[in-house]
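Numbered from 1 within each chain, the chains take letters A, B, ... in sequence-line order.
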Amino acid sequence: MTHDPLLEGTEAPDGLLAALAGLAADAPRGLFDRIAARWVHVPSPIGELGVAFTDQGVAYVHAGEGFAEAFRKRFARPLLPAERPPAGLLPALRTGRPSKVRLDLRGLSDFQRDVLEAARTIPRGEVRPYSWIAERIGRPGAVRAVGTALGRNPVPLLIPCHRVTRSDGVVGDYVFGSAAKERLLLAEGADLERLRELAGERVFYLASDTTGVVCFPTCHNARRITPRHRHGFRTVAQAAAAGYRPCRTCRPAA
DNA sequence: GCCAAGGCAGCTA
DNA sequence: CTAGCTGCCTTGG
């Protein structure tokens with residue numbers, strides 16, 4: 001539930017929205033735009049997205065039917081069409097890189113913010129387990145809660161929660177369904193086929209005996225290991241026992 | 001405030 | 001080796 005002090009008590013019947021909209025014509029332009037959200041449609045690998053944004057940045061991304069209803073269910077804010085997408089939105093979607101676009105994440109709990117923050121650091125084409133996020137935010141036991149938080153990610157794709165997968169090798173669930181998750185990952189160049197192969201052999205980490213480092217299989221460092229120097233491990237502990245230290249880039253849990 | 005329900009993980013049969 | 005069962009932690013009702 002979003003708490004916006006600006007809009008306390010506006011359960012927003014249409015009449016009020018209309019009144020506010022009328023007010024906007026005469027009010028200084030900035031005021032109404034601080035209250036309202038604008039929306040656009042943009043293309044994506046999983047079809048057309050509805051994207052809502054405020055003066056602070058993108059606040060909501062939705063795939064499939066019912067964009068406006070879903071938005072209103074979550075935000076007590078009027079929603080109006082926009083002329084153009086907010087700065088950086090299209091590049092961010094194209095490159096899958098963070099920081100190309102501003103986000104409006106007000107109203108989230110600290111926990112959820114931490115989770116999203118961590119998810120945002122996963123590079124395009126790579127994946128990390130839910131437990132990795134839990135570790136990184138200092139709540140190793142909150143694995144399940146991480147899933148819940150990601151499930152409520154207001155800005156999927158922009159914060160790449162689709163890059164968080166289960167530690168048994170299955171892609172896992174997703175706000176827009178696991179099929180969409182898989183399509184997104186494939187579109188980003190993640191080698192899911194290979195991951196499945198490895199998982200079939202109970203291999204969840206790859207190490208290099210030339211560098212002495214152990215990585216997640218999708219880490220760009222792991223992808224460059226020459227086959228004859230590559231060793232698979234089921235756990236980081238086993239890799240450590242064999243003398244490998246965790247990669248400083250992908251940081252598999254020690 | 002309590003309870004049930006989650007985008008999971010790890011262990012037991 | 002897979003299927004289930006049990007713990008864990010945050011949220012929404």
Side-chain angles (χ1 to χ4, degrees), chain A residues 1-4 8 11 44-47 49 59-64 66 69-76 96 105-122 126-188 190 192 195-205 216-218 232-241 246 250-254:
Chain A
M1 211 28 102
T2 325
H3 245 324
D4 192 335
E8 204 66 77
E11 281 313 300
S44 88
I46 55 170
L49 303 175
Y60 189 58
V61 172
H62 184 271
E69 298 74 56
F71 175 87
R72 296 210 168 86
K73 191 162 171 197
R74 236 173 128 154
F75 301 88
L105 298 179
R106 288 173 294 177
L108 300 185
S109 69
D110 289 340
F111 178 80
Q112 184 165 175
R113 214 185 300 274
D114 289 348
V115 168
L116 296 181
E117 198 73 21
R120 205 175 183 184
T121 67
I122 307 171
E126 304 189 20
V127 299
R128 304 281 182 274
Y130 291 85
S131 51
W132 177 83
I133 303 247
E135 286 278 347
R136 307 252 7 218
I137 67 175
R139 308 290 253 287
V143 181
R144 189 114 191 230
V146 164
T148 312
L150 291 176
R152 292 190 54 77
N153 175 12
V155 288
L157 301 200
L158 298 180
I159 288 182
C161 56
H162 58 280
R163 295 177 195 153
V164 185
T165 55
R166 291 179 17 169
S167 41
D168 63 1
V170 180
V171 295
D173 226 328
Y174 184 53
V175 228
F176 305 141
S178 43
K181 188 173 188 174
E182 218 169 311
R183 278 206 297 287
L184 280 171
L185 289 172
L186 290 173
E188 294 185 343
L192 296 184
L195 280 180
R196 271 191 279 268
E197 262 173 44
L198 291 172
E201 304 160 20
R202 312 285 101 156
V203 169
F204 301 108
Y205 302 93
F216 284 114
T218 56
F233 289 96
R234 188 162 186 276
T235 67
V236 179
Q238 288 168 1
C250 64
R251 307 179 85 91

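- In this structure, CZ of A:F111 is placed 12 Å from P of C:dG12, rounded to the nearest angstrom.
- A distance-only check finds no donor-acceptor pair linking the side chain of A:K181 to the backbone of A:C161 [under 3.5 Å].
- Atom CD in A:E135 sits roughly 15 Å away from atom C1' in C:dC9 (whole-Å rounding).
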Paired and unpaired positions of DNA chain C as dot-bracket, Watson-Crick or G-U wobble under 3.5 Å, | denoting a partner strand:
.||||||.|||||

Could you run down nucleotides 6-13 of chain B 5' to 3' and tag each one B, S or - for protein heavy-atom contact under 4.0 Å?
BBBS----

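- Look at CZ on A:R136: it is 20 Å from C1' on C:dC9, rounded to the nearest Å.
- Between the side chain of A:R113 and the backbone N or O of A:L108 there is at least one donor-acceptor pair closer than 3.5 Å.
- Applying side chain to side chain contact (heavy atoms under 4.5 Å, CB included) to A:W132 and the options A:I122, A:V143, A:V146 leaves one that passes, A:I122.
- No salt bridge links A:E135 with A:R251; every basic N to acidic carboxylate O contact stays at or beyond 4.0 Å.
- Regarding A:Q112, its CD atom lies at a distance of 12 Å from the C1' atom of C:dG12, rounded to whole Å.
- The aromatic rings of A:F71 and A:F75 sit parallel to each other, their planes meeting at less than 30°, with 60° as the upper class boundary.
- Distance CD1 (A:I133) to C1' (C:dC8): 17 Å, rounded to an integer number of Å.
- Legend: residues meeting side-chain hydrogen bond (donor to acceptor under 3.5 Å, both in side chains) with A:D173, ordered by chain and number and at least two apart, are absent.
- Between A:F216 and A:Y205, the ring-plane angle classifies as tilted under the 30° and 60° cut-offs.
- Each of A:P45, A:P156, A:P160 was checked for a side chain to side chain contact (heavy atoms under 4.5 Å, CB included) with A:L184, and the lone residue meeting it is A:P45.
- Contacts of A:S178 with the nucleic acid, taken as non-hydrogen atoms under 4.0 Å apart, are absent.
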